[in-house]
Amino acid sequence: MIYFGTKSNYNLGTEIKAGGEGTIYTVEGNSALVAKIYHANVLSTELHDKLYHMMINPPDASVLSQIAWPIDIIYDHYKNFAGFVMSKLNVDMDLKAAYKYSPDKPDKLSGYQRLIIAVNICVVIDAVHKAGYVFGDFNPLNIGINSKTGKVAFFDADTYHFYDKSSGRTFRCCVGTDGYIAPELLAKGNGLEYKDIPLPSFTEETDNFALAIHIFRLLMNGYTPFNGIKEAENASTASPGVGNKPIELDYYCYKPGYKPQSAYVPDFNSFPPYMRGMFNKAFIDGRVNPRNRPTAAEWYKALCAFSKELVQCGDNPNHYFHKASKFCPYCEADERYSRNIHGIGTSSQMSFNTPVNIPVRKAATSTTSAPVVSSTSVRGTNTSPYVGGKPFNPTTQTKKRKKSGCLPIIIGIISVIIAVSAISSLFDSDDDDEYEVVETENPYVVDCDLLSLEPVKADAMIKANFYDTGKTNTEEPYRGELYCIYPMSTITYNLNGAYDRFTALWTLTNMTKDSKGKAYVEIYTDGQLIYTSPEVSAGVLPVPIDLNINSCNLLTIFFKGYAGDAILTNARLSNYGDKLKPTEYYYPGTLPEWLTNFSPLRRDDNADVIQECSTIRAITGEPISHLIGSTTSVSEQTIEYYIKGEYKRLTGTWAVDDYFSSRIDHYYSFSVYADGELVYTSPSITGGDLPVQFDIDIKNCDKLELVFDRGASDYGSPVVVAGNLRLYP
């Protein structure tokens with residue numbers, strides 16, 4: 001049967017699976033796609049509008065092959081809404097299966113592979129959050145795994161929760177899975193159905209709660225963190241309950257005074273302090289304030305660091321644990337399991353004499369590579385996701401490990417074309433035809449497309465699409481484009497020191513060739529400015545760029561001036577020297593960040609972040625974005641941010657909105673406090689005054705306060721604002 005889409009027509013083939021909402025079919029002529037046709041009782045205008053918004057506002061293209069995301073909306077012969085087309089998800093097990101603990105049977109996944117899965121979940125979650133969506137229902141059955149690659153896939157994207165700014169509508173998630181619902185949502189729901197809970201219901205913070213549970217279970221033999229009982233209680237008689245009950249009663253097993261009910265949970269103290277701290281932030285601090293929970297980006301950073309500190313157990317090659325542990329905590333858990341289930345003696349995988357004689361690991365080696373993860377960026381991270389290998393065969397891999405006594409993970413940098421989104425696998429195998437990897441025997445990269453590399457850090461307003469094609473204002477064809485919708489936007493790539501040269505074209509497009517605005521771009525290598533483009537506007541010819549970027553680790557592109565008109569296109573990296581790719585990967589430190597990307601810790605009434613993508617124009621014509629101001633006439637309005645002591649400088653511009661340049665009845669100023677100490681007071685300015693640039697030392701500052709003095713307007717908008725607010729490490 002043929003269905004008609006907004007982008008193409010689709011002839012549906014074989015039925016793959018039927019469910020309560022609809023049926024999944026193959027798409028003839030395109031094995032990478034499938035279609036979901038809803039049952040008649042499910043169809044509604046709201047569902048259509050929700051899917052249409054998702055279709056035109058997708059997350060980063062690099063994760064679309066890992067989400068059942070609506071690529072196209074389809075209609076029947078009578079033009080009635082019928083369903084949507086999505087990527088076919090290549091998985092062979094679900095996340096719940098990865099939690100099964102049975103040391104008597106060979107384990108399909110090693111501890112290292114489970115960590116890879118956790119990292120890949122963080123990558124997808126972060127991309128979806130950046131795009132403005134909330135997962136809501138974190139059912140482990142809705143998360144699939146490719147056990148050969150560690151790649152994850154998320155089903156049921158049509159249940160996601162989000163707010164549509166253009167229409168003012170909230171499209172709800174109306175389902176939830178017991179055991180993964182955040183305590184604040186349980187308290188707010190108070191027995192209501194999820195569709196009836198007062199808004200806001202599902203949030204990024206409720207997602208972060210469920211994410212932490214999944215990570216805990218992946219690292220803790222499948223056990224939930226809410227299996228706690230009091231330390232004085234007997235595990236054979238005390239029970240925390242199941243589902244939502246232990247979450248409501250706060251039975252987190254590692255809060256003070258509590259212990260896990262199960263003896264098979266690995267020793268919490270075998271994990272490094274920063275990992276224990278992440279779990280405690282999620283389940284203890286996050287209960288007090290949900291914003292305290294680690295984000296997907298923060299988990300990504302911690303898990304990547306943890307992966308580099310693992311050693312492989314010499315007795316059970318499926319066990320990986322922190323190098324500071326004297327004994328394998330997973331062997332200890334297996335021994336406790338063996339004693340409880342089989343009595344004192346042996347399990348099928350290992351033997352022990354007494355509980356204290358657990359063998360010290362043999363031939364344990366540190367894992368020096370970071371996890372193999374999905375080819376996408378994670379905001380706020382300071383580790384690179386590019387490490388390569390081949391598919392693994394669990395049987396042959398075990399033999400190789402025992403023979404070599406080391407972790408045989410082949411390290412390589414992956415060059416991934418975004419549309420293919422090929423993901424490198426975890427371990428060796430003979431079945432490697434379907435994987436796009438760069439072999440370590442050929443470490444040279446010549447004429448590599450810049451856009452095939454994923455950004456380490458990118459502002460949400462950056463748009464990059466390798467497959468965009470078009471013509472410049474001089475009718476010259478181009479392929480690929482980088483541009484920003486709003487000024488003062490950056491995108492950073494981790495090049496790992498592997499390239500010599502950066503070439504591109506800075507130009508107006510044929511569609512924007514009459515632009516009267518002026519735009520320019522700056523390019524930085526490892527934080528140092530190496531190029532400033534000429535301004536381009538109507539009538540200016542395209543500007544070729546050819547830069548020496550030898551040994552550059554971080555390449556940053558900084559868009560300034562009028563946004564959305566000029567593009568950086570034909571952007572390519574190349575290596576024309578005999579530069580080998582490094583065998584050790586470069587991990588950037590904390591990157592510069594817009595202050596407006598932080599959620600305020602506290603703010604007075606009407607002291608607010610003006611929508612961060614909003615822009616004003618100073619009297620000089622300079623566009624200023626990433627704004628903070630006050631909309632009240634009350635003196636000393638304060639807004640505070642928690643910046644974790646990770647930044648040394650705050651730069652920005654104190655300026656009058658040119659729209660209010662005639663307002664000369666008041667003078668305005670603002671002050672900056674670092675951990676309660678005054679570090680800057682701006683000059684007082686009024687309508688018609690020139691903007692003031694500032695650069696403030698905030699080294700080791702945890703709490704940053706901005707205090708506005710009479711930043712008022714009769715029009716509901718600040719007359720004077722602090723903008724372009726940039727934090728530097």
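Only heavy atoms go into these numbers, but all of them, side chains included; no hydrogens, no water, no symmetry mates. One-based numbering along the sequence shown.
- When the salt bridge (charged side-chain N to carboxylate O under 4.0 Å, His left out) test is applied to D695, the partners found at least two apart in sequence or on another chain are R649.
- No more than 12 heavy atoms of other residues, nucleotides or ligands lie within 6.0 Å of NZ in K648, so this atom counts as exposed by the packing criterion.
- When each of E593, K699, R726 is tested with Y647 by the rule side-chain contact (heavy atoms from CB on, under 4.5 Å), just one qualifies, namely E593.
- Between Y524 and Y531, the distance separating the two ring centers is not shorter than 6.0 angstrom.
- Between the side chain of S489 and the backbone N or O of F559, no donor-acceptor pair lies under 3.5 Å.
- For E475, the CD atom counts as densely surrounded, since its 6.0 Å shell holds more than 12 non-hydrogen atoms of other residues, nucleotides or ligands.
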*Assess whether ring pair (Phe, Tyr, Trp, His ring centres under 6.0 Å) is satisfied between F694 and W654, documenting all intermediate values.*
CA-CA 8 Å; F694 54 85; W654 176 237; 8.0 Å; no
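- The backbone N or O of N553 lies less than 3.5 Å from a partner atom in the side chain of D526, making a donor-acceptor pair.
- Of the candidates T507, D514, N510, T509, N473 forms a side-chain contact (heavy atoms from CB on, under 4.5 Å) with just one, namely T507.
- When the options V672, L678, T638 are evaluated for a side-chain contact (heavy atoms from CB on, under 4.5 Å) with V707, the one that passes is T638.
- Looking at N120, its side chain does come within 3.5 Å of a backbone N or O of G150 through a donor-acceptor pair.
- Under the salt bridge (charged side-chain N to carboxylate O under 4.0 Å, His left out) criterion, R602 pairs with D604, E640, sequence neighbours left out.
- Residues F660 and Y668 keep their aromatic ring centres 6.0 Å or farther apart.
- The nearest pair of heavy atoms linking R501 to D546 is NH2-OD2, 2.6 Å.
- At a threshold of 4.5 Å between non-hydrogen side-chain atoms, the residues I685 and V720 count as touching.
- Taking the ring centre of F306 as origin, the terminal cationic atom of K308 falls outside the region bounded by 6.0 Å and 45° from the ring axis.
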